[in-house]
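Letters A, B, ... mirror the listed sequences (proteins, then strands); counts begin at 1. For clarity, every value in this text was computed on a predicted model and none was experimentally measured.
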There are 2 protein chains.
Amino acid sequence: MRPLFHPALEDIKPEAILYALSDPERVAIYAKLAGASGGGTCSALADLGDRVIPKSSLSNHFKVLRESGLIRSERQGVEMRNQTRCTELDERFPGLIRAILTAYGQLPGQPKTD
Amino acid sequence: MRPLFHPALEDIKPEAILYALSDPERVAIYAKLAGASGGGTCSALADLGDRVIPKSSLSNHFKVLRESGLIRSERQGVEMRNQTRCTELDERFPGLIRAILTAYGQLPGQPKTD
DNA sequence: TCAATAGTTCCGAATTTCTGAACTATGGAA
DNA sequence: TTCCATAGTTCAGAAATTCGGAACTATTGA
């Protein structure tokens with residue numbers, strides 16, 4: 001398995017962030033991750049309620065989120081811990097992530113409006 | 001030619017906005033439009049400096065921007081006037097467009113950082 | 001060493017994007 | 001009215017991307 005790639009903060013591109021978050025499934029995953037305290041595993045986030053995302057699609061979603069710079073993944077034993085890079089990101093693109101999650105009505109603790 | 005479709009404000013979806021603005025060419029077009037006073041025509045926005053966008057691609061870019069709710073297009077004689085819907089949009093998704101343009105370093109009047 | 005679990009990679013099918021060529025709509029000139 | 005020029009749209013095939021099942025890899029525990 002090739003090592004996971006994470007872009008350096010200064011290499012993160014707005015187009016990659018927007019592309020990654022232009023898919024509601026990825027937004028749902030990211031929002032859960034932003035809410036979760038422990039660092040979510042892939043399989044813990046596969047269930048969207050109305051549909052269960054296939055493993056390979058899920059793996060790809062995480063790859064897109066990771067390579068865009070939105071999350072950091074690291075292996076912990078048999079599973080993968082994923083966490084958002086939102087503090088860093090807010091430094092590079094102030095207000096961006098919050099505005100996006102607000103638009104989706106997915107800010108942690110916020111009632112869904114869509 | 002079929003009539004141009006514009007979504008009602010309440011039908012505008014964040015995923016469509018993010019998708020439309022995940023393409024740097026479309027961002028460049030949108031940013032020019034946000035800066036232009038008159039309402040830009042397609043051909044006036046085709047020249048990106050490093051490349052001239054083909055007519056059909058340009059037409060498609062405008063379609064994506066229009067159907068996502070970012071711009072409004074209306075025929076004025078032989079040409080098309082395009083204008084942003086940013087005031088409306090800011091009402092629906094507060095701060096979103098500004099945060100995105102800031103991330104791209106493309107806010108009107110702002111020096112490019114990327 | 002073997003089995004179980006978590007996730008990645010591969011690869012073919014389906015979908016989407018891109019763009020040259022043909023077409024449509026409008027306005028002005030003859 | 002007819003013809004031409006201009007601005008943009010639509011069509012269609014090629015290229016690129018996405019999706020997801022099946023096979024594979026890595027790690028842990030028995």
**Item:** Hydrophobic cluster partners of B/Phe5 (side-chain heavy atoms under 4.5 Å)
**Value:**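 Result for B/Phe5 is none, singleton.
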**Request:** Share the residues that join B/Val64 in a hydrophobic cluster, the rule being Ile, Leu, Val, Met, Phe, Trp or Tyr side chains under 4.5 Å apart at the heavy-atom level.
**Result:**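 Joined to B/Val64, directly or through intermediates: B/Tyr19.
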**Message:** Heavy-atom nearest nucleotide on DNA chain D for B/Leu4 versus A/Glu25: which residue maps closer to 5'?
**Reply:**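 Its nearest nucleotide lies further toward 5', so the answer is B/Leu4.
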**Request:** Take A/Arg26 and B/Glu79, find for each the nucleotide of DNA chain D with the closest heavy atom, and name the residue whose nucleotide sits nearer the 5' end.
**Result:**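 Result: B/Glu79.
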**Request:** Give the rounded distance in Å between these two atoms: CZ of A/Arg66 and P of C/dT8.
**Result:**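 Between P of C/dT8 and CZ of A/Arg66: 6 Å.
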**Residue-level proximity of residues 54-64 of chain B to DNA chain C when a heavy atom falls under 4.0 Å** =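 When residues 54-64 of chain B is checked for heavy atoms under 4.0 Å from DNA chain C, the hits, listed by number, are B/Pro54, B/Ser56, B/Ser57.
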**Request:** Assess whether side-chain contact (heavy atoms from CB on, under 4.5 Å) is satisfied between A/Glu91 and A/Leu9, documenting all intermediate values.
**Result:** CA-CA 9 Å; A/Glu91 193 181 299; A/Leu9 185 57; 3.9 Å; yes
**Request:** Answer yes or no: is there a donor N or O on one side and an acceptor on the other, between the side chain of A/Asp90 and the main chain of A/Ile97, under 3.5 Å?
**Result:**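 Judged by distance alone, no pair lies under 3.5 Å.
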**Asked** Which one, D/dG20, D/dT9, C/dA6, comes nearest to the side chain of A/Val78?
**Response**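 So the side chain of A/Val78 is nearest to C/dA6.
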**Contacts of type side chain to side chain contact (heavy atoms under 4.5 Å, CB included), residue A/Ser73, not counting sequence neighbours** =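 For A/Ser73, the residues satisfying side chain to side chain contact (heavy atoms under 4.5 Å, CB included) (neighbours in sequence not counted) are A/Leu4, A/His6, A/Arg66, A/Ile71, A/Met80, A/Asn82.
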**Item:** Shortest non-hydrogen contact from A/Ala20 toward A/Ser68
**Value:**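 Closest heavy-atom pair between A/Ala20 and A/Ser68: CB-OG, 3.8 Å.
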**Toward the 5' end of DNA chain C, by each residue's nearest nucleotide, B/Tyr19 or A/Ser43** =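 This one resolves to A/Ser43.
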**Item:** Identified side-chain contact (heavy atoms from CB on, under 4.5 Å) partner of A/Leu65 from the options A/Asp23, A/Ile17, A/Leu70
**Value:**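 Single side-chain contact (heavy atoms from CB on, under 4.5 Å) partner of A/Leu65 among A/Asp23, A/Ile17, A/Leu70: A/Leu70.
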**Request:** Could you note down all residue pairs passing salt bridge (charged side-chain N to carboxylate O under 4.0 Å, His left out) where residues 67-78 of chain B supplies at least one of them, sequence neighbours left out?
**Result:**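 As it turns out, the salt bridge (charged side-chain N to carboxylate O under 4.0 Å, His left out) pairs with a partner in residues 67-78 of chain B, which skip direct neighbours, are B/Arg72-B/Glu88.
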**Asked** Among residues 67-76 of chain A, which residues get a heavy atom nearer than 4.0 Å to DNA chain D?
**Response**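 Contacting residues: A/Arg75.
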